[in-house]
Amino acid sequence: MKAFNLCGFIFWLCSTVSAQFTDDFSDGNFTNNPSWQGETIVFEVLNSELHLNAPAVSDQSYLSTSSQAMDQAVWLFDVRLEFNPSASNYLDIYLSSDTSNLEAVNNGYFVRIGNTLDEVSLYKTINGIESKIIDGTDDFTDTSEVNLRIKSTRDQNGNWEIQAAKLPSTNFISMGTILDLGTGTSDFFGFLCTYTSTRSDKFYIDNISITGNPGTVSTGSTTFGDLRFTEVMADPSPSAGLPEVEYLEIKNTTTDTLVLSSFSLVNTNTTKPIPTVIIPPEHHIILTDLDDVSNFNLTGTVVGIDGFSTLANSQDSLTLLNEAGAIIDILVYKDDWHINSTKKDGGWSLELINPNLACRSATAWTSSVNGQGGTPTEINSVNDILYTPPLTNLYQTQVINAAHLRLSFSDIISYQGGNSSLENSAQSIVIDSILTSPQTIDVYLEDSIILGEVYFLSLEGFLDCASLPLNLNDIPIAIPDQASTGDIIINEILFNPRNGGIDFVELYNRSDKNIDVGSLKLANIENDLIANQEIISNSGTLTLLAKNYIAISTNNLITLEQYPNALTQNLWEINDMPSYATSEGSVLLLNPSNDVLDRLDYTEEMHFALLNDFNGVSLERIFFDAPTQDLENWHSASEVEGFATPGYKNSQALDGQNSATGPFALNLSVFSPDGDGLDDQLILDYTLNQQGYVANIQIFDIKGREVRNLVNNQLLGTEGFFTWDGLSDNKSSRIPSGLYIIYAQLFNLDGSVKGYKLPVAVTYK
């Protein structure tokens, strides 16, 4: 990390020798005192000036010499260009460089003379990427011939200034100043000429004088977690006391003073440079818009970013990058993280609960409880260094290709090394390498996995954000196939969630294939048209294994909070869901070509009539193979299961098998319609040898009194089923326990009439 210890730095500085030299080329050469290196064949000393005498082609040429000057440094030199500089003909004077070859990728600082705006400006280069940090006066070099004396200075604190005088005048004019500590050391000084064929012999340099001390020794670059987002105010209105200004808070979690130089803030896809700032250990800074800095009356540091990107109220993705472009922290927040709707509506910040942990997901954050609405530059109001969020979850396993797997996690992970394996009963595949990032693991294989086969991946040595071991054993892996109509079905829907809850739609793969559901879309119907299409995975394939479930919502944590039995590994989170009305609506599953793979038109009346409250109760499919649009194929989820079963077998699911040999058969001889999820429904299956039959089905008690007219003159297909929920005809009460007779009558247009009686017992626990 870029850090310094003040006392040690002063001692080191005082003990160093001066790094200085001069060269006026009066000795007629550039090979001694000092010795210059580079493209020496195209340079010469002409009339005591260093002169470029290159072939008449468009090219670049450079010379460099050893120089460690960086702190309390002064660079002084004369430049003469016998042309008006342009974007194709200009001169870069490297005040510092970490490599002698100035045409190669390097790190350092240089003064550019010329270019499009005819200016004298200071640039910084990091890994070969140039950025202008002092923007000199425009048109300063807009003359037919340029004859300048340049003076550059840098003190030990990183304060730079560039000055220029138009010779023969010696009156220096400041081109600008800046604080920048991005690269604190130097190995070489030099110059790089960029020219076209007509300017290849018109560059002159003279009277070079460099004084100063070697720069501060860097202890390395910042690494992930050295700085952390600890607070975000995305919606400051209406204010609870703080200025109505968006801001981010960042904390230095290390024991060193950190220098943020050439750092960047990425808001989704928009990158903004962060001005140089120094952060002592365990201190916070605030990032906000440059125009809003004056609104804060804080004892801490407030850093203004020119053009600070607006923070989205509902959700946003933020990334902090260091000078080398490496990720230092990530925050993907949602307003659902607030503890109540009042704070969600604005004026309250989200605060990180335990800044000592790497955790970044929803459970690691909550609303500020400070009466002002937030704690910018202060210790968070919810600060709890003993708090440990729930375990990090594996939420996606992708097959990028047959030899590349990717695992994505709900929070930050780390790797300490360990054994790994990928195998099934017939094959074991060698893992070539494992690469990790803050929330993903990429596994590269020596051989390819085979379509249609399921493998099991086991990884050791991974820790969650609280440094606890992750259980990554026997993770199923399969190359995904494409879905055909009937492969993936709608299996459960929650369309009227309880207070604070959210909708979800559960899908089931009833095929024998492992299917990519990531490219599929959920939708609804508006004005008789398919609308509000939402792709299930924007990040690539998402494999749903054969005979498995996936429950889709906008927030897995809320689903888990309200339905603790939900299977975490079968939950999937998307940014937006189609709206599903509480009274009635439609759920559609589409393929990438917008073909309808499945559709459910639901109403609230499909719920069990005796439920006191439908809020938070899902509708569950009974039979996988029965038509989705058959209203008899749906029932309210069991109370025993918490009124929903996201990610696992429905509480009301039946396999559709019975032992009858006639046209009618019951799934149960005794059923108990008490809503406990066990034997709650009686299923009357039928199988006919021809079409065209009409049915009447009535239910009688032991004394012959009709209690329910279940079916009246309904045209049947060749097979199907009916359900009875144990309610009487008015659906206002359950029938008493006891013995009952189901009388089913079939007739057709030929006058054939047949009757069937099936006994059943009703009991309550």
Side-chain angles (χ1 to χ4, degrees), residues 314-315 334-337 361-363 393 395-396 410 488-510 517-518 520-525 532-538 542 544 548-590 597-604 606-607 611 613-622 624 628 633-639 641-653 677:
S314 59
Q315 62 183 45
K334 292 186 176 182
D335 59 358
D336 289 338
W337 295 6
S361 64
T363 55
N393 298 315
Y395 75 81
Q396 185 183 27
S410 61
I488 307 295
I489 57 174
I490 299 167
N491 196 55
E492 185 176 0
I493 176 174
L494 178 67
F495 54 85
N496 48 357
R498 60 176 67 105
N499 185 38
I502 54 174
D503 295 349
F504 73 79
V505 173
E506 182 188 79
L507 306 178
Y508 178 72
N509 180 0
R510 67 178 183 180
V517 296
L520 305 185
K521 292 176 282 188
L522 294 175
N524 61 11
I525 296 292
N532 302 310
Q533 300 179 24
E534 299 292 345
I535 191 168
I536 293 176
S537 175
N538 286 311
L542 175 62
L544 182 58
N548 215 331
Y549 306 81
I550 184 170
I552 303 164
S553 72
T554 57
N555 194 314
N556 291 341
L557 287 171
I558 293 178
T559 301
L560 282 166
E561 286 173 2
Q562 303 216 336
Y563 304 100
N565 293 332
L567 284 187
T568 301
Q569 65 268 29
N570 290 342
L571 301 183
W572 181 249
E573 189 173 296
I574 61 178
N575 290 333
D576 296 294
M577 288 273 286
S579 176
Y580 297 119
T582 57
S583 57
E584 61 179 340
S586 298
V587 185
L588 285 81
L589 180 66
L590 311 176
L597 298 180
D598 202 11
R599 172 174 175 168
L600 171 64
D601 297 324
Y602 65 85
T603 70
E604 196 173 47
M606 293 165 65
H607 277 297
L611 286 174
D613 186 1
F614 299 147
N615 292 329
V617 182
S618 72
L619 276 178
E620 294 183 330
R621 190 185 192 107
I622 299 171
F624 295 138
T628 301
N633 197 26
W634 294 86
H635 195 277
S636 302
S638 162
E639 181 178 3
E641 288 291 338
F643 292 115
T645 55
Y648 63 104
K649 184 179 180 180
N650 290 349
S651 62
Q652 306 293 358

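Small disclaimer: the values here were computed from a predicted structure and weren't measured.
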Can you find a heavy atom in the side chain of [X] that is under 4.5 Å from one in the side chain of [Y]?
{"X": "T559", "Y": "L494", "result": "no"}
{"X": "S636", "Y": "F614", "result": "no"}
{"X": "W572", "Y": "I536", "result": "yes"}
{"X": "F643", "Y": "D613", "result": "no"}
{"X": "N496", "Y": "H607", "result": "yes"}
{"X": "V587", "Y": "N524", "result": "no"}
{"X": "L544", "Y": "L542", "result": "no"}

I need the [X] [atom1] to [Y] [atom2] distance, nearest 0.5 Å.
{"X": "N532", "Y": "D576", "atom1": "CG", "atom2": "CG", "result": "9.5 Å"}
{"X": "T582", "Y": "E604", "atom1": "OG1", "atom2": "CD", "result": "6.0 Å"}
{"X": "L560", "Y": "T568", "atom1": "CG", "atom2": "OG1", "result": "4.5 Å"}
{"X": "N633", "Y": "L619", "atom1": "CG", "atom2": "CG", "result": "11.0 Å"}
{"X": "I558", "Y": "L571", "atom1": "CD1", "atom2": "CG", "result": "12.5 Å"}
{"X": "I502", "Y": "L557", "atom1": "CD1", "atom2": "CG", "result": "9.0 Å"}

(request) Give me the ring orientation class for F495 and Y602: parallel if the planes are under 30° apart, tilted from 30 to 60°, perpendicular past 60°. (result)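 Because their plane-to-plane angle is under 30°, the rings of F495 and Y602 count as parallel.
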
(request) Please work out which of the three classes, parallel, tilted or perpendicular, describes the rings of F624 and Y508, given edges at 30° and 60°. (result)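 Ring orientation of Y508 relative to F624: parallel.
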
Would a distance-only check, ignoring hydrogens and angles, find a side-chain to backbone donor-acceptor pair under 3.5 Å from [X] to [Y]?
{"X": "N570", "Y": "G647", "value": "yes"}
{"X": "D598", "Y": "L589", "value": "no"}
{"X": "R599", "Y": "S586", "value": "no"}
{"X": "E620", "Y": "E492", "value": "no"}
{"X": "W634", "Y": "M606", "value": "no"}

(request) For N650, check side chain to side chain donor-acceptor pair (under 3.5 Å) against everything at least two apart and list the hits. (result)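 N491, T645.
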
(message) Tell me which one of L590, L588, L520 satisfies side chain to side chain contact (heavy atoms under 4.5 Å, CB included) with L597.
(response)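 With L597 as partner, L590, L588, L520 yield a single side chain to side chain contact (heavy atoms under 4.5 Å, CB included), made by L520.
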
Kindly give the heavy-atom pair with the smallest separation between [X] and [Y], and that separation in Å.
{"X": "F504", "Y": "A644", "value": "CZ-CB, 4.0 Å"}
{"X": "L600", "Y": "I493", "value": "CD2-CG2, 3.9 Å"}
{"X": "D503", "Y": "M577", "value": "O-CE, 4.3 Å"}
{"X": "Q533", "Y": "A523", "value": "CG-CB, 4.0 Å"}

(request) For the pair N509 and L507, evaluate side chain to side chain contact (heavy atoms under 4.5 Å, CB included) and give the outcome as yes or no after the intermediate values. (result) CA-CA 7 Å; N509 180 0; L507 306 178; over 6 Å; no

(message) Going by the rule salt bridge (Lys or Arg N to Asp or Glu O under 4.0 Å), which residues pair with K334 if we only count those two or more places apart in sequence or in a different chain?
(response)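 Residues passing salt bridge (Lys or Arg N to Asp or Glu O under 4.0 Å) with K334: E573.
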
